[in-house]
Undergrad: 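Can you read through this structure? Questions will come right after.
Letters A, B, ... mirror the listed sequences (proteins, then strands); counts begin at 1. Keep in mind it's a predicted model, so treat the numbers as computed, not measured.
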Amino acid sequence: MLQQTQVSRVLEYWPRFLEQFPALPALASAPPASVREAWDGLGYYRRAANLQALARTVVSNGGVLPDDPAQLRRLPGVGRYTAGAVASFAFERRTAAVDTNVARVLRRAFHPRRANEATLWATAEALLPRRGRDAWTFNQAIMELGALVCTARVRRCEVCPVRAACATGRKVTSDK
DNA sequence: CTCCCGTCCG
DNA sequence: CGGACTGGAG
């Protein structure tokens with residue numbers, strides 16, 4: 001649900017969705033129309049179909065989600081970001097997870113000129129703490145930094161905890 | 001108009 | 001690589 005959709009909007013759907021489909025088996029055996037209906041208004045309806053296909057695949061293969069990013073990535077609707085996010089946040093695997101927030105933070109802090117996806121992921125991996133548990137915290141922290149402080153429109157460099165190490169933030173504070 | 005905890009297809 | 005997919009908020 002969070003793929004390209006704001007948290008505030010997902011919050012209106014996620015609890016109801018989970019109530020209706022408490023776990024993968026329920027989602028797997030549900031009529032596709034009921035899944036689509038539960039998704040109504042959220043947009044990107046392919047995600048709903050992908051999610052049910054994912055549920056069916058996982059259920060028919062023992063019912064357990066893999067914790068490995070490469071294996072997660074093979075599931076429908078799971079790209080590099082989601083695979084990393086699930087592996088890190090659900091399983092505490094040591095993996096990078098670059099979403100739009102993280103990408104923006106990394107761009108501003110380390111690549112003020114231009115940076116492609118590969119560069120951003122490489123930077124994210126280079127910054128990743130050794131232990132999985134600490135990588136979880138790092139991923140959570142950098143993502144929230146982008147969502148709450150280093151935001152797309154108004155960046156709040158004054159309250160940014162990594163301002164001193166940021167290529168963009170250093171200038172911004174001296175300029176304005 | 002851009003942006004949002006992207007992914008897939010051509 | 002670019003574009004499609006979706007809709008609401010700022």
Undergrad: Taking any heavy-atom pair under 4.0 Å as a contact, classify A/Ala85: base, sugar-phosphate, or nothing.
TA: nothing
Undergrad: Are any side-chain N or O atoms of A/Arg47 and backbone N or O atoms of A/Met1, one a donor and one an acceptor, separated by less than 3.5 Å?
TA: yes
Undergrad: Mind calculating the distance between CH2 (A/Trp121) and P (B/dG6) to the nearest angstrom?
TA: 11 Å
Undergrad: Find the distance A/Leu148:CG to B/dC4:C1' and express it as a whole number of Å.
TA: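 To the nearest whole Å, that distance equals 14 Å.
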Undergrad: Is it the case that A/Asn101 and A/Arg104 place a side-chain donor and acceptor less than 3.5 Å from each other?
TA: yes
Undergrad: Apply the test side-chain contact (heavy atoms from CB on, under 4.5 Å) to residues A/Phe110 and A/Leu120: give CA-CA distance (whole Å), side-chain angles for both, the deciding distance (0.1 Å), then the verdict.
TA: CA-CA 9 Å; A/Phe110 301 108; A/Leu120 295 176; over 6 Å; no
Undergrad: List for me each residue that meets salt bridge (Lys or Arg N to Asp or Glu O under 4.0 Å) alongside A/Glu92, sequence neighbours excluded, and say none if there are none.
TA: A/Arg133
Undergrad: In whole angstrom, what separates A/Glu144's CD from B/dC4's C1'?
TA: 14 Å
Undergrad: Can you check salt bridge (Lys or Arg N to Asp or Glu O under 4.0 Å) on A/Glu125 and A/Arg130, steps first, answer last?
TA: CA-CA 10 Å; A/Glu125 274 155 18; A/Arg130 291 294 177 213; over 6 Å; no
Undergrad: Quick one: on DNA chain B, does A/Val7 or A/Val78 contact a more 5' nucleotide (nearest heavy atom)?
TA: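 Looking at DNA chain B, the more 5' nearest nucleotide goes with A/Val7.
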Undergrad: Expected output is a numbered-order residue list: members of residues 101-110 of chain A with a heavy atom under 4.0 Å from any atom of DNA chain B. What is it?
TA: A/Asn101, A/Arg104
Undergrad: For nucleotides B/dT7 and C/dG8, find the distance between their P atoms and express it as a whole number of Å.
TA: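 Roughly 23 Å separates the two P atoms.
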Undergrad: Using the C1' atoms only, state how far B/dC4 lies from C/dC5, rounded to an integer number of Å.
TA: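 Each nucleotide's C1' atom is 14 Å from the other's.
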Undergrad: Round to a whole Å and report the spacing from CG of A/Leu54 to C1' of B/dC8.
TA: 15 Å
Undergrad: In this structure, how many angstroms lie between the C1' atom of B/dC3 and the CD atom of A/Gln3, rounded?
TA: 16 Å
Undergrad: Roughly how far apart, to the nearest Å, are C/dG3 and B/dT2 at atom P?
TA: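 Looking at atom P only, C/dG3 and B/dT2 are 13 Å apart.
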Undergrad: Distance between the P atoms of B/dG10 and C/dT6, in whole angstroms?
TA: 15 Å
Undergrad: Side-chain donor-acceptor pair under 3.5 Å between A/Thr168 and A/Arg155, yes or no?
TA: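 No, no side-chain donor-acceptor pair sits under 3.5 Å.
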Undergrad: Which comes earlier along DNA chain B counting from the 5' end, the contact point of A/Tyr81 or that of A/Gly77, where each point is its nearest nucleotide?
TA: A/Tyr81
Undergrad: Write down the distance between OH (A/Tyr13) and P (B/dC5), rounded to a whole number of angstrom.
TA: 16 Å
Undergrad: Assign a letter to each nucleotide of nucleotides 1-10 of chain C from its 5' end: B, base within under 4.0 Å of a protein heavy atom; S, sugar-phosphate only; -, no contact.
TA: ----BBBB-B
Undergrad: Would you name the heavy atoms of A/Gly169 and A/Cys157 that are closest together and state the gap between them?
TA: CA-SG, 4.0 Å
Undergrad: Can you check the A/Leu120 CG to B/dC5 C1' distance for me, whole Å?
TA: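 Nearest whole value for this atom pair: 15 Å.
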Undergrad: I'd like to know whether A/Val86 forms a side-chain contact (heavy atoms from CB on, under 4.5 Å) with A/Phe91, so could you lay out the CA-CA distance, the side-chain angles of the two residues, the decisive distance to 0.1 Å, and finally the verdict.
TA: CA-CA 7 Å; A/Val86 171; A/Phe91 299 111; 3.9 Å; yes
Undergrad: For A/Asp99 and B/dC3, give me the distance from atom CG to atom C1', rounded to whole Å.
TA: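 Result: 13 Å.
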Undergrad: Would you check if there is a donor-acceptor pair between the side chains of A/His111 and A/Thr119 at a distance under 3.5 Å?
TA: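 A/Thr119 vs A/His111: no donor-acceptor pair found between side chains.
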Undergrad: Taking A/Trp39 as the fixed residue, which of A/Tyr13, A/Phe17, A/Trp14, A/Phe21 is the one that meets the ring-ring contact (aromatic ring centres under 6.0 Å, His included) rule?
TA: A/Phe17
Undergrad: Kindly point out which of B/dC4, B/dT7, B/dC5 is positioned nearest to the side chain of A/Ala152?
TA: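 Between B/dC4, B/dT7, B/dC5, the one nearest the side chain of A/Ala152 would be B/dC4.
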Undergrad: When you compare C/dG2 with B/dC3, how far apart are their P atoms, in angstrom units rounded to a whole number?
TA: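 C/dG2 and B/dC3 have their P atoms separated by 16 Å.
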